[in-house]
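Read through the structure below, which is laid out as structure tokens, and then see the notes.
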Amino acid sequence: MDYEMPAEVLEFRKQVQDFITSHRTPELEAELAEHHIHGYGPASQAFMQAMAREGLAAVSWPEEYGGQGKGALFLWTLAEECAREGVPFDNLTFISVGPMIMRNGTEEQKQEILPKVLRGEMNFALGYTEPNAGTDLASMQTRATRDGDEWVINGQKIYTSSAHLATHVWLAARTEPEAPKHRGISTFVLPLNTPGITVRPLWVMGEGRTNETFWEDVRIPADSLIGEENRGWYIVSGALDLERVAIGTYRPLEKTVSDMVEHIKAERPELADDAFARNAVADALMRVEVARALATNNAAMVHSGLIPTMEASMGKIWTTDSRERVNDAFMDLLGRSGGMQAENGDAPLDGALDAAWRGAPVGRFGGGTNDIQRRIIANRGLGLPR
Amino acid sequence: MDLRLSELQELLRANAQEFFEREVTFERIREIEAADTPDTQLWEQMVQLGWTSLPIAEQYGGQGGTLLDTSILVNEACRVALPSPFTSTLIGAAAVQAHGSEDVKNSLLPRLADGVAISSAVLESDDAIYGDPQTTSDGSTVSGEKRFVEFGATSDVHLVTATRNGSQGIAVVSRDQAGVELSPVQTIGAIPQVHVRYDGAAVEGWIEGAEAVDGLRDLGTALTAFEAYAYAQKALDLTVEYVQLRVQFGQPLGAFQAVQMRCADMATIVEGSRFLANELLWKLDQGEATRRDVAMVKAITSKMAPQVLQDCHMLHGGIGYMQEYDLHFFTRRGKEASLRWGSAREAMNVVVDTAFA
């Protein structure tokens, strides 16, 4: 057993921090500040493209696809640092969709798609959820019908986040309506500017926007299909496991807690002697530590060539539940000031508590609700009967 | 970074598991609890297997294993709920090895490797693990009272934290002498314990420095946190097994979502604790653990273990409440581990004080 974070990973962390510092332009800051009003814009897109061009994002990808083959600890470090600093990182493309294309695409598809992803010229929105297929994702109804050399897509997706920014969509659609629901789904990659796709914004309670997308006779070439026809559910499941590792990043929570400690020391020193406040701060620090343990465990497993399933769900549950509870407790400690928003200028923690509390639900339901994660742990991890 | 057991560690684990499962039945545990004293025959067997010499450096007659290596044995002993001075001796041995003078190490470590047992006498009130020792030494003798000394009645040597000429240190004291007066105390974990009055007891060695006292405290706290994890893990394993066997309403309990979700939550915090308890021992092996690191893991495991253990009981229903069933051994030991070497309250105070410092 060796718990040492390799020196090379620590150097890479430094490299990421330097990249963030040098690419944090006034335009990007302004755009991120308005994020909850307008969503990510061109400056965010430029930031992510620069990161891809710099080779940071592909550091863990195999060398044959233009990466450096360095293992999962590096990619995880990148995701953690970006999350901590609140800068955009296209983690779904690099952690979830990219690796699933590597595993399931044809050589031709991989050579076509992956280098573009690495150059920051191609990235993905996820087309999974539908109005009637949320937690029960496998009951999705959007159809992809084969017509000669093309697939024709009709239907509706919802929570298609980034569809207004991304170049492409990673789409799951029903290709065999007569088969059992898990066995009639396939996965596709196609450009979002294909005729027939309409993107409509949905504004969220937390920060930014998501979308609903309408698909009307969208025609794409036959080779847009990734993996075997009708086996898409299993590809989506693998992608979701990887996505949960990404959602379980702990460093934003760590930053909130250390910022709160500094705030108390500087502005509210009487709370350092208040028994309830001390208990809340201790609980928060302990939650961060458990979140760090579960996240590091996941990264180490992927790094060792293992695939976390139960463990990915554990990290996701713990971190997102903690984000809600810790931010809630901290707002309570500060009383009315706890609800002050960033616009005020003098809001405690620059309004981070308000933003994180409003944003807490997406962590707890995104990637599958935490209660569904508990069932994954019970069934797939502990072996309890379905 | 690779969190898997090495091949040698896995071999050690499998051997220990096989030994404990063969030798330590729950009937034997009941006899040990009734006698309120450790089983000397088992101790001899563990010495013969080389386990007491594992953490001792080779130059003192040991095998040069790490804390992390030795914790594999602690884990397996916890998994059969064995009340054994193995952990208290490991704590003492590691402290002597890290902080003792050459004289103290040469006189004590070879004996420890050969099976001499140690108890650590640290507490002077019920819960003041971080206070300055009030017990005093004049160099040749030590006087004062220590409370809740695990295996204090049977260990050959006591490590007694004390103050000498205004500076802290640890007195090495033979138990079997006139100036050492023992009074047994019964606690929830049924680990044999005594309060000890040292009345001019002869000192055979002195380990100088607050650093040594802090080091002893870190080792005791970290290994006890590890034990709290180990008991909770074992109780959870028993519970996951039980809910698959027990049928009610025509299906296994484990098929009910409410039961599944409770098990999932327990597994999550136990998994986090497993990582942290092991990582802490690794940090101690590297000499990198801070007081805050130690207190943090103790706080987490002290909060976690009692909640998990009580939830395991609820899922077992009546059978788990019966003395003739085995779950209660882990429950009581795990709860006691959460109180020993600093309860959650004390550990959390260290965590918060460090943050606000």
Side-chain angles (χ1 to χ4, degrees), chain A residues 1-6 9 71 73 257-258 260-262 264-265 269 271-273 277-297 299-301 303-304 306 310-311 313-315 317-318 321 370-371 373-379 381-386, chain B residues 1-6 9 66 68-69 72 236 240 243-244 251-257 259-269 271-283 285-286 288 292-293 296-297 299-300 303-304 344-345 347-357:
Chain A
M1 278 186 279
D2 175 14
Y3 283 79
E4 177 124 54
M5 191 60 74
V9 173
L73 284 174
V257 177
S258 72
M260 182 66 176
V261 166
E262 292 309 313
I264 289 174
K265 282 163 76 172
L271 291 179
D273 297 316
R278 288 172 65 82
N279 189 60
V281 170
D283 182 68
L285 289 162
M286 289 155 71
R287 284 186 165 277
V288 168
E289 203 63 5
V290 173
R292 180 183 66 78
L294 294 169
T296 311
N297 191 45
M301 282 181 78
H303 196 73
S304 304
L306 306 169
M310 164 170 87
E311 294 82 0
S313 295
M314 287 174 167
I317 292 172
W318 185 268
D321 280 359
N370 283 2
D371 282 343
Q373 303 313 308
R374 291 180 171 95
R375 294 208 67 199
I376 291 173
I377 294 168
N379 298 139
L382 303 176
L384 298 183
R386 276 173 203 280
Chain B
M1 175 170 272
D2 187 344
L3 312 185
R4 295 168 292 189
L5 294 182
S6 69
Q9 288 171 329
T66 61
L68 209 47
D69 295 334
I72 291 167
L236 173 63
V240 167
V243 298
Q244 295 180 72
Q251 61 176 10
L253 290 183
F256 289 99
Q257 290 196 8
V259 171
Q260 294 186 349
M261 291 191 182
R262 195 175 293 277
C263 287
D265 281 337
M266 291 196 289
T268 299
I269 185 62
E271 176 74 359
S273 301
R274 182 185 65 76
F275 180 100
L276 292 171
N278 279 294
E279 183 193 47
L280 179 60
L281 295 178
W282 176 84
K283 282 186 187 170
D285 279 328
Q286 308 297 313
E288 289 173 7
R292 190 260 192 195
D293 291 337
M296 175 62 87
V297 178
I300 289 167
K303 281 276 190 193
M304 171 281 292
R345 178 184 66 78
M348 286 165 77
N349 268 322
V350 172
V351 166
V352 176
D353 286 341
T354 314
F356 286 139

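So you know, we letter chains A, B, ... as the sequences are listed, proteins then strands, and number each from 1. Everything numeric in this text was worked out from a predicted model, so none of it was measured. The figures that follow rest on heavy atoms only: side chains count, while hydrogens, waters and symmetry mates do not.
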Over all heavy atoms of both residues, which pair between [X] and [Y] is shortest? Give the atoms and the distance, please.
X         : Y         : result
Gly272(B) : Val290(A) : CA-CG1, 4.3 Å
Gly383(A) : Gln244(B) : O-OE1, 3.1 Å
Asn297(A) : Leu3(B)   : OD1-CD1, 3.5 Å
Val261(A) : Ala355(B) : CG1-O, 3.5 Å

With a 4.5 angstrom heavy-atom cut-off, could you sort out which part of [X] is near chain A: side chain, backbone, both or neither?
X         : value
Ala277(B) : neither
Glu271(B) : both
Asn278(B) : both
Val243(B) : side chain

Leading residue by heavy atom contact count with chain B [cutoff under 4.5 Å; candidates [options]]:
options                         : result
Ser258(A), Gly381(A), Ala282(A) : Ala282(A)
Ala291(A), Ala293(A), Ala378(A) : Ala293(A)
Val281(A), Ile317(A), Leu285(A) : Leu285(A)
Ile264(A), Asn370(A), Asp283(A) : Ile264(A)

In terms of heavy-atom proximity below 4.5 Å to chain B, should [X] be classed as side chain, backbone, both, or neither?
X         : answer
Asp321(A) : neither
Leu294(A) : side chain
Glu311(A) : side chain
Ile376(A) : neither
Asn279(A) : both

Measuring from [X]:[atom1] to [Y]:[atom2], what's the distance to the nearest 0.5 Å?
X         : Y         : atom1 : atom2 : answer
Arg292(B) : Glu289(A) : CZ    : CD    : 5.5 Å
Phe356(B) : Asp273(A) : CZ    : CG    : 9.0 Å
Asp69(B)  : Met1(A)   : CG    : CE    : 7.5 Å

Taking [options] one by one, which has the highest count of heavy-atom pairs under 4.5 Å against chain A?
options                                  : value
Val259(B), Ile269(B), Leu253(B)          : Ile269(B)
Ala344(B), Ala347(B), Ser6(B), Ala299(B) : Ala299(B)
Val297(B), Asp265(B), Val351(B)          : Asp265(B)
Arg345(B), Met348(B), Glu279(B)          : Glu279(B)

Exercise for the section: I would like to know whether Thr296(A) and Met1(B) meet side chain to side chain contact (heavy atoms under 4.5 Å, CB included); could you show each step before the answer? Expected result: CA-CA 10 Å; Thr296(A) 311; Met1(B) 175 170 272; 3.8 Å; yes
Handout entry: Partner set under side chain to side chain donor-acceptor pair (under 3.5 Å) for Arg278(A), not counting sequence neighbours
Key =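 Scan of Arg278(A) (side chain to side chain donor-acceptor pair (under 3.5 Å), adjacent residues dropped) gives Asn349(B), Asp353(B).
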Practice task
Give me the one residue out of Met261(B), Gln257(B), Gln260(B), Arg262(B) that meets side chain to side chain contact (heavy atoms under 4.5 Å, CB included) with Arg374(A).
Solution key: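 That would be Met261(B).
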Practice task
Can you label the angle between the Tyr3(A) ring and the Phe275(B) ring as parallel, tilted or perpendicular, going by 30° and 60°?
Solution key: perpendicular
Handout entry: Audit row: Leu306(A), Arg4(B), side chain to side chain contact (heavy atoms under 4.5 Å, CB included) steps and yes/no
Key = CA-CA 11 Å; Leu306(A) 306 169; Arg4(B) 295 168 292 189; 4.3 Å; yes
Exercise for the section: Inspect the surroundings of NZ in Lys283(B) and state if more than 12 heavy atoms from other residues, nucleotides or ligands are less than 6.0 Å away. Expected result: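 More than 12 within 6.0 Å, yes.
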